[in-house]
Asks: 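Encoded as structure tokens, here's the structure I'll be asking about.
To find a chain, count down the sequence lines: A is the first, B the second, and so on, and within it residues start at 1.
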There are 2 protein chains.
Amino acid sequence: MIFIGERVNAGFKDIKEAIINKDGDVIKEWTRKQADAKADYIDVNLGTASNKPEDLCWMIEMVQEEVDLPISIDNNKPVMLKEAVPVCKKPPLVNSTTADDKKMDELLPIVAEHNASIIGLVMDEAGSPNSADKRVENAGKIFAKIMEYGMSPDQLFLDPIVMPLKFMQDQAREILKGAAQFQLFSDPPCHIVCGLSNISNGTTHKKLINRVFAAMLIANGLDAVILDVMDEELVNTILTADLIMNKGIYADSYIEAFRK
Amino acid sequence: MIFIGERVNAGFKDIKEAIINKDGDVIKEWTRKQADAKADYIDVNLGTASNKPEDLCWMIEMVQEEVDLPISIDNNKPVMLKEAVPVCKKPPLVNSTTADDKKMDELLPIVAEHNASIIGLVMDEAGSPNSADKRVENAGKIFAKIMEYGMSPDQLFLDPIVMPLKFMQDQAREILKGAAQFQLFSDPPCHIVCGLSNISNGTTHKKLINRVFAAMLIANGLDAVILDVMDEELVNTILTADLIMNKGIYADSYIEAFRK
């Protein structure tokens, strides 16, 4: 599983204030905590704190001063990415494009030039998909486009767009069905990623719902996830589901070994 | 989800002694506990305590004196079933046949005559399957045979045969893949059941592994399970996975409502 740590995000008050005050220590502290919890990527999101490329670059630099993990740049504006991507010491993951041709033709040249990867949200100009078929259709469009730009399947992270169970209960099943089909585009397949916590928006049993849906998605090909890497029960669930899918060799102490 | 409570089983010492001493109170106590935990069927297993049909009938009678739930008769011997099935006040679930023609032709007349259901283990004379394809092939044989006996798909509970993660790590994935295909035999489909705890035999993190595998199986069509219905965390996982599959209507208090 590729763990993408979600915490360096201006949606959280302490991060927003850190950006405004240029307090690098807060960014570094959350970066370190997530790295200690075995994040593979650190997601960096400027939110509404700023729209200046230099602020995004500053966040990335703060993360890179603390760890040598790759960055997931949570921004889809070419003016931002043109400056932020070259600042990354390791090829970043750009989060994200949609299946909109105009969007893809703006973003993919930057991504391809720097050997970066990209998250492809399977929505288009018409909005969010509400069936497995529409998800697969949009995924196919994105897959074809990254091929045009000379990228390989492992540079693409398809996101089936997780919707809230509470408000759109019929969608989870379509998401699972769609993800299962994304795996069939190529061999080896592209990555499948999601922002897991969307499933439990507004619910009472948030963490349980996140865990259960994670296991179900892994059975359908999920191999990357944007999450709270400090949620140990969630991570234990994911480690277990990965073993069940025969990824990694079983040992009685598989959880303890991961945490060492 | 159809919950089949596993606890009235002579594999447990207190049940074995109860059978030998004809102590109906022990049987009744476990029956009540499982009914309170919302078991849909009470599985009844004579184990090595006896091989007399009258002892199996006695167990069934003790259960039926306590609750009016249907029985899952955990026995595959025609001489036993011929006496035990007619004792059941509600059509029982016979646990189980394999895809062996001789076995099916012995058991299915008894099952069909009493409008009972049967668990079909997708193994045959050659032994246990080790691929999804072999599981589907054996499942197809069982499905065709129950049709010959005039039974309907909802009288069949196909069991993909869960194997221990620790010793046969490659099998879980094949089980998931096989189960997904069982669903395609008919519409509406037959049931898919398993003895869940086999997955975690010999492991350190038994309960976690059971929970995660349950969620993954439900994503692939599982709708019945032989389990420890008193394992609240496992049951909560299953309730959540069922909601994610859009079975039952979401309410914030879905867990609390179930327990009421």
Side-chain angles (χ1 to χ4, degrees), chain A residues 162-177 179-180 183 199-222 232-258, chain B residues 162-177 179-180 183 199-222 232-258:
Chain A
V162 174
M163 293 171 178
L165 184 66
K166 178 166 178 169
F167 306 109
M168 304 175 84
Q169 202 190 333
D170 63 325
Q171 287 301 300
R173 199 172 179 150
E174 300 299 317
I175 291 161
L176 293 167
K177 201 170 153 194
Q183 297 177 84
I199 190 72
S200 62
N201 276 347
T203 63
T204 310
H205 299 290
K206 278 199 172 66
K207 290 195 163 191
L208 172 64
I209 293 172
N210 291 345
R211 285 199 299 276
V212 173
F213 194 49
M216 297 169 89
L217 278 165
I218 292 168
N220 285 279
L222 189 85
E232 285 205 7
E233 280 196 276
L234 174 58
V235 170
N236 290 349
T237 293
I238 292 171
L239 296 175
T240 304
D242 268 358
L243 276 186
I244 288 173
M245 294 303 281
N246 207 16
K247 293 178 176 176
I249 294 168
Y250 177 84
D252 285 342
S253 58
Y254 66 97
I255 288 173
E256 296 72 15
F258 177 82
Chain B
V162 174
M163 292 172 178
L165 184 66
K166 179 166 179 169
F167 307 107
M168 304 175 84
Q169 202 189 333
D170 63 326
Q171 286 303 298
R173 199 173 179 149
E174 300 299 315
I175 291 161
L176 292 166
K177 200 170 153 194
Q183 297 177 84
I199 190 72
S200 62
N201 275 347
T203 65
T204 310
H205 299 290
K206 279 200 172 66
K207 290 195 163 191
L208 172 64
I209 292 171
N210 290 345
R211 284 199 300 275
V212 173
F213 194 49
M216 297 170 88
L217 278 165
I218 292 168
N220 285 279
L222 189 85
E232 286 205 5
E233 280 196 276
L234 174 58
V235 170
N236 290 349
T237 293
I238 292 170
L239 296 175
T240 303
D242 268 357
L243 276 186
I244 288 172
M245 294 304 280
N246 207 15
K247 292 179 177 176
I249 295 169
Y250 177 85
D252 285 342
S253 57
Y254 66 97
I255 288 172
E256 296 73 14
F258 177 82

Asks: To the nearest 0.5 Å, how far apart are CD1 in I209(B) and CD1 in I255(A)?
Replies: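 Here the rounded value is 7.5 Å.
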Asks: Which pair of heavy atoms, one from I244(A) and one from A172(B), lies closest together, and at what distance?
Replies: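 Looking at all heavy atoms of both residues, the closest pair is O-CB, 3.3 Å.
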Asks: Looking only at atom types and distance, does a side-chain atom of Q169(B) sit under 3.5 Å from a main-chain N or O of L243(A), one as donor and one as acceptor?
Replies: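 Between the backbone of L243(A) and the side chain of Q169(B) there is a qualifying donor-acceptor contact (under 3.5 Å).
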Asks: Can you tell which part of N220(B) gets under 4.5 Å to a heavy atom of chain A, answering side chain, backbone, both or neither?
Replies: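 Just its side chain gets close to chain A.
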Asks: Heavy-atom count check: over 12 atoms from other residues, nucleotides or ligands less than 6.0 Å from K166(B) NZ?
Replies: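 Yes, NZ of K166(B) has more than 12 neighbouring heavy atoms, counting only those of other groups under 6.0 Å.
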Asks: Among L217(B), I199(B), I249(B), which residue forms the greatest number of heavy-atom pairs with chain A at distances under 4.5 Å?
Replies: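 Top count of heavy-atom pairs under 4.5 Å with chain A: I249(B).
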Asks: Please round to the nearest 0.5 Å and tell me the distance separating atom CG of L208(A) and atom OH of Y254(B).
Replies: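 Here the rounded value is 4.5 Å.
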Asks: Could you tell me the separation between the CZ atom of F213(A) and the OG1 atom of T240(B), rounded to the nearest 0.5 Å?
Replies: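 It is 12.5 Å, given to the nearest 0.5 Å.
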Asks: For chain A, which of G202(B), A215(B), A214(B) has the most heavy-atom pairs under 4.5 Å?
Replies: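 Of G202(B), A215(B), A214(B), A215(B) has the most heavy-atom pairs under 4.5 Å with chain A.
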Asks: Relative to chain B, which of M216(A), R211(A), R173(A) shows the most heavy atom pairs under 4.5 Å?
Replies: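 Of the candidates given, the most pairs with chain B belong to M216(A).
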Asks: If I compare all heavy atoms of T203(A) with all of D252(B), which pair ends up nearest, and what's the gap?
Replies: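 Closest heavy-atom pair between T203(A) and D252(B): CA-OD1, 4.2 Å.
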Asks: With respect to chain B, which residue among L176(A), T237(A), I238(A) yields the maximal number of heavy-atom pairs within a distance under 4.5 Å?
Replies: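 So the answer, after comparing L176(A), T237(A), I238(A), is T237(A).
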Asks: Determine the option with the most heavy-atom pairs under 4.5 angstrom with chain B, choosing from L165(A), N236(A), V212(A), I175(A).
Replies: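 Looking at each of L165(A), N236(A), V212(A), I175(A) in turn, V212(A) comes out on top.
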